[in-house]
Every structure is written in C-alpha cells, then in structure tokens.
2 protein chains.
Amino acid sequence: MTTTERPLRADAQRNLERIIASARSLFAEQGAQAQMEDIAAHAGVGIGTLYRRFPTKESLMTALVRERFQEFAVIAEEVERTTDPADALPTVMRRHAEAVEHDAAFQLAMMNLESFHWQGIEEDKKVLRATIARIIARGKKAGTVRANLRVDDYGILMCSTTAAMYFITDKSGWRRQQEIILAGLRPE
Amino acid sequence: MTTTERPLRADAQRNLERIIASARSLFAEQGAQAQMEDIAAHAGVGIGTLYRRFPTKESLMTALVRERFQEFAVIAEEVERTTDPADALPTVMRRHAEAVEHDAAFQLAMMNLESFHWQGIEEDKKVLRATIARIIARGKKAGTVRANLRVDDYGILMCSTTAAMYFITDKSGWRRQQEIILAGLRPE
DNA sequence: ACCTGAACACCGTTCAAGT
DNA sequence: ACCTGAACACCGTTCAAGT
C-alpha cells in the first residue's frame, strides 16, 4: 500500500477523473444503489474501464472518502499552524464538516463502508491522525478539551456529524448537532 | 398503516418469530449482506414464506428497528415516571443505548435504512417522540438541558451512539462517546 | 391461510478480443 | 497500457402449484 505509482497515460487519467466525478454525482443523487454501469456510462467509459481502476464498488466509494481525507489532512495542518491551541479542536471539526457539507456521496460512503473504523483508510489516516492527536493534546494543556478524549473518538464524532448532514432535512441542522458535540468536548 | 391485524395462525406466528430471530443473528454475524435465502433457511422456512411477511429485505431490517423502538417507548415512559426531570434526559439516552448495546443487527439496520430520519418508523415513533419531547421540555425547565435542543435531534444523537457501538472495537467505548454527547446537552 | 422452491430479473464482476 | 462490452454469477424477488 506504499504505492508510489507512476503517472497514468493522459487519456487514462482523464477517464479516472471522470469516473470519480460521475460516482460522486450519481451516489449523491441516487444513494448507494447507484449502478456501476450507470456510473461508467455517465463518465463516458466502458464498464471494464471502471473495473480496471476500481475492482469493486466498495473500493470506488472508498476512493471518494480517501480524497476527502487527504483534504482533511491539509485543513488540519493549516488549523494547527494558524489557530490558538485553545480553539483548534472545535475549529478543525467545523472546517472538516464544512468541507463535506455539500458532498452527499461522501456522507453516504462514510456510513456504507463495510467496516469503516476511521482506521479503514490506512495511509491517509496517518498524517491526519497525528495532527489531530497533537491538536487534542494541546487543547487539553490549554484546558479547553476534556481529559478523557482520545484520538479515536474524533472519527466517530465526525461521522455522526456527516450522518446528521445526510439525514437531517433542515438545511444546516448539522450545525446545531455539532455545536452540542463541541460543547461536550470541553472539560466538565 | 393503522393496521390492527388479527392474530396469525399459530404456525405462521412461530415462523414469523423464527424469521426475526434468524435475521437478527445473521445480520449481526455477517452484516447487511447476509442473504435472504440464508435467513429463511436458518429459520427453517421457505424463501417464499420470508417474502410473505417481509416484501423486501429493507422491510425486514425495518422490522428489527421497529421492535426496538417499541421497547424504547416503554423505557422512555418508565423513565419519565420514575426519574427526577433534571436527570431524565441523560437517563433515557443511557437506558436506550444499553437496550441495544448487544444488538449488532439493530445498529447495522439503523445505518443502512435507505432513508431513516428517525421519522421512518411512522407509528412507533409517535408515542416515543411525544414522551421524549416532554422529557426535554422538563429538562429545560429544570435548567439541565440546553435551550436550543429539539426533539428531532434526539434520533441522530442516539444514532451516532449506535454507530459508535458498531464501529468502536473497544468493548464499551460508546460510553465515553455518549458521555461527551450528554455533556454537550447541558446548558452552556 | 399459509407454505414451498424453481424460475426470473437485476446488477456486480470477469475476460477475451481489440487499439 | 488501456479500452470495450458480451457473458457470467450471484442474490433479491415473484409466482404457480401444493396443503
């Protein structure tokens, strides 16, 4: 999994991007039962090409999650650099949530991944996880984060916010949700 | 849906119970991709019998959720009757969670229902929802529940706890999770 | 009324042929 | 290297026949 792949042929690369974009839009529209055939067609490629890149439907969903995770890592590092340690944790959580606020496909994928843990996305998690761990530690030191919070809690807490985005009809109902969680994160 | 059904024939009733028990155990073991055929076989009935009671796989999962919801209603009423209004909300949430702590099938079903809302289980929700609404209102009056909490938040908050049960490997990791949520529920 | 399971349909996945 | 789509396999669902 430490795959340092060499670049794809130009057309293949374009196809890959189209596939991902199509997957994102069809999953968002139709939910998890959007069909592989339809995604391929929407991307303008044969079904075989889709399977060449993503050997299973689940691997395609995972790819959607993975892309966002990489974005999450960038966001987390930026927040760590630029935000007061006392506010950093709530800030990342909000920024991460906002990053996927309109990505129904991601929200869906998070809930449908057969065994997600936030462990699932092995490599991508590492950097992100390390950054989050530091942010949490500093928050504790600053006295704004409850002592018994663990890094592993982060994933599920975020997961529950994305679920809220997907389920709550009210446009930005997830914010009230997250506000509750953020309040709970503070020391007693 | 205001179906007041007359009782099933004795053998049919027994089959129904077996089907539900089998579904619970197979979903718990194998996740959502447990097969209808296998569930029928495990229950000792033909596949046709399974479909006679549950016209789709999703309706079978919904049934598992529905049973628990009825139990939830009973629990909520009991808590309302016997617990200090100031503590009632955290108490129901804990008791509801404990009720499904070992029911992996329920946890899974909650996450897989195509459009859950907690709205999904129409009739069963009503009583439960009304009780929860009163508990929340009294909690606010007692000053132990934040003012901007809505009844509809309850479902998603609980949902995130069941997700935690399913995902967190740590035996009772969901308790720490819920503790955070409960803390967040209190006024600022 | 209820049960059964063979048959059907749909959709995820494979693979031989093509550039 | 990569693309294609017909063919295959699996599994959810139906329905004609049986008690």
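The shown structure was predicted, so the numbers you read here are calculated from the model rather than taken from an experiment. Letters A, B, ... mirror the listed sequences (proteins, then strands); counts begin at 1.
- Taking CD of Q177(B) as the reference point, atom CG of L182(B) lies at 11.0 Å (rounded to 0.5 Å).
- Looking at K140(A), its side chain never comes within 3.5 Å of a backbone N or O of V145(A) through a donor-acceptor pair.
- Contact annotation: N15(B) does not reach the phosphate of dC2(C) (side-chain N/O to OP1 or OP2, under 4.0 Å).
- Atom CE of M111(A) sits about 9.0 Å away from atom CE of M61(A), to the nearest 0.5 Å.
- Distances shorter than 4.0 Å separate none of the side-chain N or O atoms of R9(A) from OP1 or OP2 on dA1(D).
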Measure all distances between protein nitrogen or oxygen atoms and nitrogen or oxygen atoms of nucleotides 9-12 of chain C, and list the pairs falling under 3.5 Å.
| from | atom 1 | to | atom 2 | distance (Å) |
| --- | --- | --- | --- | --- |
| dC11(C) | OP1 | Q35(A) | OE1 | 2.8 |
| dC11(C) | OP2 | Q35(A) | OE1 | 3.1 |
| dC11(C) | O5' | Q35(A) | OE1 | 3.4 |
| dG12(C) | OP1 | K57(A) | NZ | 3.1 |
| dG12(C) | OP2 | M36(A) | N | 3.0 |

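- A 4.5 Å side-chain heavy-atom check between L50(B) and L60(B) finds at least one atom pair inside the cut-off.
- Between R18(A) atom CZ and dC2(D) atom P the separation is 16 Å, expressed in whole Å.
- Across the strands present, dA1(D) finds its partner in dT19(C); the criterion is a Watson-Crick or G-U wobble pair with both atom distances under 3.5 angstrom.
- Among the atoms of the strands shown, none is found under 4.0 Å from any heavy atom of R14(B).
- With respect to the salt-bridge test (charged N to carboxylate O, under 4.0 angstrom), the residues D153(B) and R146(B) do not qualify.
- Atoms NZ and OH, from K57(B) and Y51(B) in turn, are 8.0 Å apart once rounded to the nearest 0.5 Å.
- Put simply, CZ on R52(B) is 17 Å from P on dG18(D), counting in whole angstrom units.
- In this structure, dA6(C) and dT14(D) make a Watson-Crick or G-U wobble pair, each of the two defining distances being under 3.5 angstrom.
- Per the geometry, CG belonging to L50(B) stands 13 Å off P belonging to dG5(C), to the nearest Å.
- One finds a side-chain N or O of R53(B) lying less than 4.0 angstrom from the OP1 or OP2 phosphate oxygen of dC3(C).
- Each of D87(B), T131(B), T83(B), V79(B) was scored for a side chain to side chain contact (heavy atoms under 4.5 Å, CB included) with V92(B), with one residue passing: V79(B).
- A straight line from CZ of F54(A) to P of dT14(C) spans 15 Å, rounded to a whole angstrom.
- Side-chain nitrogen and oxygen atoms of T49(B) include none within less than 4.0 Å of the OP1 or OP2 phosphate oxygen of dC2(C).
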